[in-house]
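What follows is a set of notes on a single structure, which appears directly below.
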Number of protein chains: 2
Amino acid sequence: MDSGPGWELWRTFGAVMRAGSLSGAARALGLTQPTAGRHIAELEAALGAGALFTRSARGLQPTETALALASEAEAMAAAAAALVRTASAPGDAICGIVRISVSEVIGAEVLPPILAALRTQHPGLMIELLLTNASSDLLRRDADLAIRMTEPRQQALLVKSVGRIRLGFYAHREYLARAASIDSAADLARHATIGFDRDAASIRSLEAAWPDLPAFALRTDNQLAQIALIRAGCGIGVMQGAIAHRDPALIPILPETFHAHLPVWIAMHEDLRSTRRMRLVFDALVDGMTAYVRTGSERQR
Amino acid sequence: MDSGPGWELWRTFGAVMRAGSLSGAARALGLTQPTAGRHIAELEAALGAGALFTRSARGLQPTETALALASEAEAMAAAAAALVRTASAPGDAICGIVRISVSEVIGAEVLPPILAALRTQHPGLMIELLLTNASSDLLRRDADLAIRMTEPRQQALLVKSVGRIRLGFYAHREYLARAASIDSAADLARHATIGFDRDAASIRSLEAAWPDLPAFALRTDNQLAQIALIRAGCGIGVMQGAIAHRDPALIPILPETFHAHLPVWIAMHEDLRSTRRMRLVFDALVDGMTAYVRTGSERQR
DNA sequence: CACTGTCCATACGATCCTGTATATCTGCTC
DNA sequence: GAGCAGATATACAGGATCGTATGGACAGTG
């Protein structure tokens, strides 16, 4: 009836998987290399499933067994981090840590003013922003809240729809001044278009929206870089209308022909509903994103 | 850059939440009461969010803060348990632990022969059966595999549909011999019907399938008990056709009028796909449940 | 009211764990 | 090839952690 190895051992196991070496893991955890080594040795002995790593002078290489454990160790680490966040303040206080998972574009272009207002009202609130396009797992509590562009369908989540973001092609005035005029979709072929490089999912969804798009001249998977390229007058690219309209120098290209919509949801784990600061940030995100989405649709008229 | 309290502290925290006392937690974890007390004290000091428990001579009562942490501590414990299971054998060996979450009825009436065959072929396999009607969380890894009656819609899950289970009313021959005859649905009102007691969800789904069902005379939320009551000749109740047909003494009641179907899925976390024993048990469950579902539909013709 | 069982808090000695220091190996650079 | 940087493994002393033992508080029971 042994309930497994000490949880501390799993912590160093996860650190070793991430760092790739005992020394690196020890640095990350504030331990020393001999201690990390002892932990791994103890874990291997306790599991009895053979070695977890093959030692070398260049670090530790995980075995098959260790690789199979990696994702679960990450889940355990995520749970531990979530515990620390939730415990960072009494449940009814408006202070402590809240971790938000958003796409890079929303995080860099849209959220800052919303969060600034929130922090002015509640200086005790500490925000962790997880900027990733791969939707991280709310159930695994990689984050407390998330802004999603695909509908979350998990029943343990509290989800609220806030509308749709308008997407369109834009280019800087200066680029258009020195480039050929654009009267129809066919003209795009003579222009410098900005788009994705290897991100197959994004490329497919673009092709679905605009079937006969010419090949991109400037390619990057980083959408912030795409926006920066558009602003710098490098060519024509896709961006959110509400962001583009802030800058009068950004001109919509064939808005009647090229437009699409991204639905937006705010999501939170149900268990956090009763934690006041989580609920507050959730509501603030709903309000802020609703307002943001609305500016986009107003300007397009 | 402190990464939170020691994970061992979270382990005893969870144990204290479950046990309701330091002593109980210590017993569960193989520690002593002073150690458990020290852990909680250390945790409270590290979090700085006030007390987690109010001490009393009758045990520890969790505060609001502790209650907010309970579900996340459970998630962490589930992750730790999953790690132990996955590590219970090298990934490519057909031995080690597999944890299956199923409903009580399936677990008690349907799975045993399937699992017996599996264990005969692979004696090294160790099976943990989690018999619960509340669908436990596969993403949180409360279990490795699950047999579900509602479609799992989470993208991280590997799901396979195996057909539908036929449900119907049944009664024992001896009960029918001494009771009034049944020629139409209205006759049921004069009979001893067996059904749910307080399980609102099940009652609603029964009412949805058969709107004008008379009030149950014998009530229990335990479906195994319902089946036992039917077999003992206590009255008429709902059960899976494939189970009823094993016993020639169980007679279908108005099969044309009363019948419904429960869809069945086998589900597994995607990450486990590459673990051979998990995949093996998954396939065995798919095969076994497909065969089971088929016997039910063959006998009804 | 005493008795009993269960609980938490505290003191103290033994043990386990950790960190420091050192040896050794490997790959890279000059 | 020497020197360096970074890795793991081992030896040993100090300190943190644990378990044992004990005291006190509370609820239930005869």
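Keep in mind it's a predicted model, so treat the numbers as computed, not measured.
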Could you pull out all residues at least two apart from B/W10 that satisfy ring pair (Phe, Tyr, Trp, His ring centres under 6.0 Å)?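 B/W10 satisfies ring pair (Phe, Tyr, Trp, His ring centres under 6.0 Å) with B/F13 once adjacent residues are dropped.
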Report, as yes or no, whether the 6.0 Å neighbourhood of atom CE on A/M126 holds more than 12 heavy atoms from other residues, nucleotides or ligands.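 Open: at most 12 neighbouring heavy atoms sit under 6.0 Å from CE of A/M126.
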Can you check whether [X] reaches [Y] side chain to side chain, under 4.5 Å on heavy atoms?
X: B/I106; Y: B/M149; value: yes
X: B/V110; Y: B/V105; value: no
X: A/H269; Y: A/L138; value: no

Taking salt bridge (Lys or Arg N to Asp or Glu O under 4.0 Å) as the definition, give me every residue that meets it alongside A/E128, ordered by chain and number, with sequence neighbours left out.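 Per chain and number, A/E128 pairs via salt bridge (Lys or Arg N to Asp or Glu O under 4.0 Å) with A/R99.
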For A/R273, give me all partners under salt bridge (Lys or Arg N to Asp or Glu O under 4.0 Å), at least two apart in sequence or on another chain. none
In 5'-to-3' order, the base (B), backbone-only (S) or no-contact (-) status of each nucleotide in nucleotides 14-21 of chain C, using a 4.0 angstrom heavy-atom cut-off, is ----BBBB
Base, sugar-phosphate or nothing for B/S21? Non-hydrogen atoms, less than 4.0 Å. sugar-phosphate
Using a cut-off of 4.0 Å on non-hydrogen atoms, how would the nucleic acid contact of A/G37 be classed: base, sugar-phosphate, or nothing? nothing
Respond yes when some side-chain nitrogen or oxygen of B/S56 is under 4.0 Å from OP1 or OP2 of C/dC7, and no when none is. no
Without hydrogens or angle criteria, can the side chains of B/R85 and B/T275 be said to hold a donor-acceptor pair below 3.5 Å?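 On atom types as modelled, these side chains do not qualify, holding no pair under 3.5 Å.
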Measure across A/A77 and A/R18 and return the closest heavy-atom pair with its distance rounded to 0.1 Å. CB-NH1, 4.5 Å
If you look at every heavy atom in A/L130 and A/A143, which pair is closest and at what distance?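 It is CD2-CB, 4.5 Å.
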Using the heavy-atom set of chain A and a strict 4.0 Å cut-off, write down the first and last nucleotide of DNA chain D that makes it in, 5' to 3'.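 Span of nucleotides near chain A: D/dG6 to D/dT10.
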Rounding to 10°, can you tell me the angle the first-five-pair axis of the helix from C/dC1-D/dG30 to C/dC30-D/dG1 makes with its last-five-pair axis?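 Rounded to the nearest 10 degrees, the bend comes out at 20°.
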